[in-house]
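Remarks on the structure that follows.
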Amino acid sequence: MPEVVFSVDQARSMRDQSHPGHNRWHPGIPAAASVRPGSEFRVECREWTDGQIGNNDSANDVRDVDLSPCHMLSGPIAVEGAEPGDLLVVDILDIGPVPQESGPKPGQGWGYTGIFAKQNGGGFLTDYYPDAYKAIWDFHGQQATSRHIPGVRFTGITHPGLFGTAPSPELLARWNRREQALIDTDPGRVPPLALPPLGEGVLAGTLSGDELAVVGREGARTVPPRENGGNHDIKNFTRGARVFYPVFVDGGLLSGGDLHFSQGDGEITFCGAIEMGGYIDFHVDLIKGGMEKYGVTTNPIFMPGNVEPRYTEFVSFIGISVDHGTDTNHYNDATLAYRNACLNAIEYLKTFGYSGEQAYLLLGAAPIEGRVSGVVDIPNACCSLYLPTAIFDFDIRPTSEGPRRADRGQCAVSS
């Protein structure tokens with residue numbers, strides 16, 4: 001096993017670890033460990049909410065989750081010799097739930113998918129599903145099943161939702177300026193347009209007092225992806241993937257977490273993957289001056305992993321950039337088109353007895369494929385969603401006999 005450079009006791013909060021992690025992006029957070037180029041090492045991770053979600057049949061915990069301490073990240077890990085302008089080469093060697101453990105925390109043999117309430121962040125379809133819901137998934141090796149979405153079993157593409165390098169002070173200031181400008185266009189919006197720095201709930205490794213307060217005032221929230229990587233939620237960041245992260249500060253300061261047992265493209269419920277704690281094994285190296293050499297200026301690049309389930313038959317759903325509720329055409333709006341593809345898939349699954357909420361949760365958790373299929377045929381962008389047929393224990397293909405409707409139970413709901 002590779003050397004563990006950041007360890008996590010899953011029975012304790014990230015704040016109470018032997019070396020605490022952090023939950024903001026800030027160049028002033030000191031490294032928790034240092035590795036050399038060419039090293040292989042293991043990083044252990046808490047589930048992203050730091051254990052706020054339980055293995056039960058109520059979604060009240062999802063409804064009431066406190067987002068101020070999220071995400072809980074492991075690190076930072078300094079890479080010796082890394083300098084601004086370099087590319088940090090990160091290979092994912094292995095990843096999984098907490099090894100050989102069962103217990104009350106996500107990753108200890110189980111995980112969850114949540115639909116966040118509109119008042120607390122919402123999701124891709126929050127105007128259609130504004131309340132909180134949840135599905136618990138049990139792990140069986142590489143496969144997952146859920147008592148809340150019966151009739152489904154699939155192999156996950158396990159991956160980290162979030163990893164990245166620390167921003168420079170100048171880059172951090174740019175993030176804060178542009179995101180505040182976006183917030184100022186509609187400051188009362190629910191859910192908000194972005195999340196500004198927040199002192200409440202801040203964690204910055206071993207920092208305390210005035211140094212911690214500075215991170216609270218300046219540190220960027222971890223919810224979106226940015227130039228440093230961050231919360232990409234790309235399901236193909238899996239075993240065998242290689243990611244080239246830009247370096248903005250000495251040492252690079254690699255951090256991450258938010259491990260997912262499985263996810264559909266888009267992670268559409270916001271907490272849409274199967275969330276868990278666990279471990280991830282890395283190999284790291286450097287390309288000196290790599291940002292200029294390869295024209296990397298705004299975001300990382302990556303080579304997908306070669307380990308994924310082999311689903312070969314799909315029922316696919318199309319969406320176009322039309323608001324069908326008001327019969328309004330939007331110009332080449334791929335977001336609206338993908339939203340319509342998701343809604344069409346949900347309506348289809350409802351004919352088999354699933355509730356809309358169950359179908360929504362399933363599309364966030366199962367390894368569905370989402371594609372931008374056309375953005376040149378004005379005025380309508382076209383997006384598509386590919387749903388594997390083999391994940392169901394009944395036939396979901398359209399036939400002349402009609403759908404096999406049955407009682408599919410219900411997901412966890414909030415009171």
OG1 (T351) and CZ (R405) are apart, to the nearest 0.5 Å, by 7.0 Å

Measure the acute angle between the ring planes of H22 and W25, then classify it against the limits of 30° and 60° as parallel, tilted or perpendicular.
-> perpendicular

Are the aromatic rings of Y338 and F317 close, with centres under 6.0 Å apart?
-> no

What pair of heavy atoms forms the shortest contact from F139 to G111, and how long is it?
-> CZ-N, 3.4 Å

Do NZ/NE/NH1/NH2 and the carboxylate oxygens of D395 and R404 come within less than 4.0 Å?
-> no

What closest approach, in Å, do Q52 and C70 show between heavy atoms, and which atom pair accounts for it?
-> NE2-SG, 4.2 Å

Between CG of L93 and NE2 of H283, what distance do you get to the nearest 0.5 Å?
-> 7.5 Å

Out of curiosity, H71 NE2 to C45 SG, how far, rounded to the nearest 0.5 Å?
-> 12.0 Å

F270 vs F116 aromatic rings, parallel, tilted or perpendicular, using cut-offs 30° and 60°?
-> perpendicular

Can you tell me how far CD of Q143 sits from OG1 of T155, rounded to the nearest 0.5 angstrom?
-> 4.0 Å

Could you state the interatomic distance from CG (L385) to CG (N344), rounded to the nearest 0.5 Å?
-> 9.5 Å

Basic-acidic side-chain contact under 4.0 Å: K235, E267 = no

Can you tell if the side chain of I378 reaches within under 4.5 Å of the side chain of N332, non-hydrogen atoms only?
-> yes

Please name the pair of heavy atoms, one in P76 and one in L253, separated by the smallest distance, quoted to 0.1 Å.
-> CB-CB, 3.8 Å

Using the ring of each side chain (for Trp, its six-membered ring), is F352 parallel, tilted or perpendicular to F394, with breaks at 30° and 60°?
-> tilted

Do the ring planes of H19 and F6 sit parallel (below 30°), tilted (30 to 60°) or perpendicular (above 60°)?
-> perpendicular

T165 backbone acceptor or donor facing N228 side chain under 3.5 Å | yes

Using 4.0 Å as the upper bound for N to carboxylate O, is an ion pair formed by E200 and R221?
-> no

May I ask you to check if R339 and F124 form a cation-pi contact, with NZ or CZ under 6.0 angstrom from the six-membered ring centre and within 45° of the axis?
-> yes

Starting at CE of M276, measure out to NE2 of H260 and round the result to the nearest 0.5 Å.
-> 9.0 Å

Without swapping roles, check the side chain of R178 against the backbone of A173 for a donor-acceptor pair under 3.5 Å.
-> no

State plainly whether the residues R42 and E44 are in salt-bridge range, i.e. N to O under 4.0 Å.
-> no

Hey, are H330 and N380 close enough side-chain-wise for a donor-acceptor pair under 3.5 Å?
-> no

Could you walk me through whether L87 and V296 pass the side-chain contact (heavy atoms from CB on, under 4.5 Å) check?
-> CA-CA 9 Å; L87 285 178; V296 177; 4.1 Å; yes

Salt bridge or not for D61 and K134, using N-O below 4.0 Å?
-> yes

Of D131, D127, T126, which is the lone residue that meets side chain to side chain donor-acceptor pair (under 3.5 Å) with K118?
-> D127

D50/R15 salt bridge by N-O under 4.0 Å criterion = no

